[in-house]
Protein chains: 2
Amino acid sequence: MAHEKNPDPLREFHPHNHDHCVSDAMAAAERICASSGARLTPVRRRVLEILLEGHRPMGAYDVLGRLDEEGLGDKPPVAYRALGFLVDHGLAHRIERLNAFIACPHPEAEGHGAAFLICRGCGTVAEVTATLPDLPEGFRVERTTVEAEGLCAACTEKAA
Amino acid sequence: MAHEKNPDPLREFHPHNHDHCVSDAMAAAERICASSGARLTPVRRRVLEILLEGHRPMGAYDVLGRLDEEGLGDKPPVAYRALGFLVDHGLAHRIERLNAFIACPHPEAEGHGAAFLICRGCGTVAEVTATLPDLPEGFRVERTTVEAEGLCAACTEKAA
DNA sequence: AGAGGCAATGTTATCTTGTAACAAAATTGG
DNA sequence: CCAATTTTGTTACAAGATAACATTGCCTCT
Ligand SMILES: [Zn+2]
Ligand SMILES: [Zn+2]
Ligand SMILES: [Zn+2]
Ligand SMILES: [Zn+2]
């Protein structure tokens, strides 16, 4: 965990050594599954890799298309089950506004109130940590969805 | 606007004079449309009433079913267009987690960062005001989705 | 009133997203 | 190995949403 000291929180929007994102996240996924007894089976692992490589939100049918190319399955439940597993174990997140899924870049930082910045220009999505503001009492919050759509710095420049 | 001094922010979870919700919101919708030149046509008005009366999120096809009963249309675009109009004008909101729509109870309080508390027990949804926590700079936020799923006070008691 | 332009509605067809249900195979633990 | 559980394979559908185009209604200008 040495070098995982929360780097640029918006690195998704910049060029970066993406191989590290992939290998770090895969290693973390291995550890998480090993320690919880969950089984990172071939399809599940491959779906996680596909999400990580894309480094952007992908629809379930996009993922399924990739699986099909590789002979790993071509029926919707194949993709939905693998994605469900990843989401349940915190290895991926569902972006509600996009009906899409994205790999979690730091799945070991759990309890992390995840929020997503969605650039409508380039389609990039960054996951950031955000604590929800105080909500009225008398409601026990279990899960939150926080998604912000807008323009990243680069797309703001281009638009100007 | 005298008596609209932001009452119980969680009134959706309690018994309340719901006729007031409906009539207040309809009056506000009239004012908003009148002042912006938008046309609150019969179908649009009726869809808003249906959402207000239900006082809970409704899927587009639920709304369409109601419209059909009343002879106002039976094809998906009828519902989606009316709902789109209401959302565009801030008279209703889309709840992403539920693929559903809900009337805004206070459409004149604009710029209000709306957040939604979704009770998984009774299905009630309350709209509350919440300012988003500070997000990393370098991203221009235009719209936010904040939805919290959990249990309302009554459902928490029942579950205990 | 008549004509032109724009907004709204009607309608068809299709597309995308997501699940229920059940059978077969693989894994785990005894 | 046997039985229980989990995972996969497959069919068939349900649910949610939109593209595209024809038609109608509304407003404005002459
Ligand atoms: Zn995450
Ligand atoms: Zn961008
Ligand atoms: Zn009410
Ligand atoms: Zn409840």
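Keep in mind the model is a prediction, meaning the values are calculated, not measured. Residue numbering restarts at 1 for every chain, and letters A, B, ... go by the order of the sequence lines.
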Interatomic distance, [X] [atom1] vs [N] [atom2] [rounded to whole Å]:
| X | N | atom1 | atom2 | value |
| --- | --- | --- | --- | --- |
| B:Arg45 | C:dT9 | CZ | P | 12 Å |
| B:Arg39 | C:dA8 | CZ | P | 5 Å |
| A:Tyr80 | C:dT16 | OH | C1' | 8 Å |
| B:Leu67 | C:dT9 | CG | C1' | 13 Å |

Practice task
Starting from the 5' end of DNA chain C, give me the residue, A:Ala60 or B:Val43, whose nearest nucleotide shows up first.
Solution key: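 With A:Ala60 and B:Val43 compared, the 5'-side residue is B:Val43.
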Practice task
Nearest-nucleotide wise, let me know which of A:Pro77 and A:Gly59 is further upstream toward the 5' end of DNA chain C.
Solution key: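 The residue whose closest nucleotide sits nearer the 5' end is A:Gly59.
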Handout entry: Among C:dA13, C:dG10, C:dA20, the one nearest B:Pro76 by side-chain distance
Key =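 Of all the options, the side chain of B:Pro76 is nearest to C:dA13.
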Practice task
Could you pick out which residue, A:Gly73 or B:Phe101, lies toward the 5' side of DNA chain D when each is mapped onto its nearest nucleotide?
Solution key: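 Its nucleotide being nearer the 5' end, the pick is A:Gly73.
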Practice task
Report yes if the distance between the aromatic ring centroids of A:His93 and A:Phe116 is under 6.0 Å, otherwise no.
Solution key: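 So the answer is yes for these two rings.
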Problem - No-H, no-angle donor-acceptor pair, B:Arg81 side chain to C:dG10 base, under 3.5 Å - result: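 Answer yes: a donor N or O sits under 3.5 Å from an acceptor.
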Problem - Covered region of DNA chain D, 5' end to 3' end, by chain B [heavy atoms, under 4.0 Å] - result: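 Contacts span D:dG16 to D:dC26, reading 5' to 3'.
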Practice task
Evaluate the side-chain proximity of B:Leu67 to B:Ile50: yes if any heavy-atom separation is below 4.5 Å, no if none is.
Solution key: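 Answer yes - side chains close enough.
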Practice task
Taking the side chain as every heavy atom from C-beta outward, state whether A:Tyr61 and A:Tyr80 have any pair of such atoms under 4.5 Å apart.
Solution key: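 Yes, their side chains come closer than 4.5 Å.
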Problem - Presence of salt bridge, A:Arg140 and B:Glu149, under 4.0 angstrom - result: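 Looking at A:Arg140 together with B:Glu149, the answer is no, because their closest N to O distance does not fall below 4.0 Å.
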Practice task
Take the angle between the ring planes of B:His16 and B:His55 and call it parallel below 30°, perpendicular above 60°, tilted in between.
Solution key: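 Because their plane-to-plane angle lies in the 30° to 60° range, the rings of B:His16 and B:His55 count as tilted.
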Problem - Nearest non-hydrogen partners of B:Val47 and B:Ala82, listed with the distance - result: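 Taking B:Val47 first and B:Ala82 second, the nearest heavy atoms are CG2-CB, 3.7 Å.
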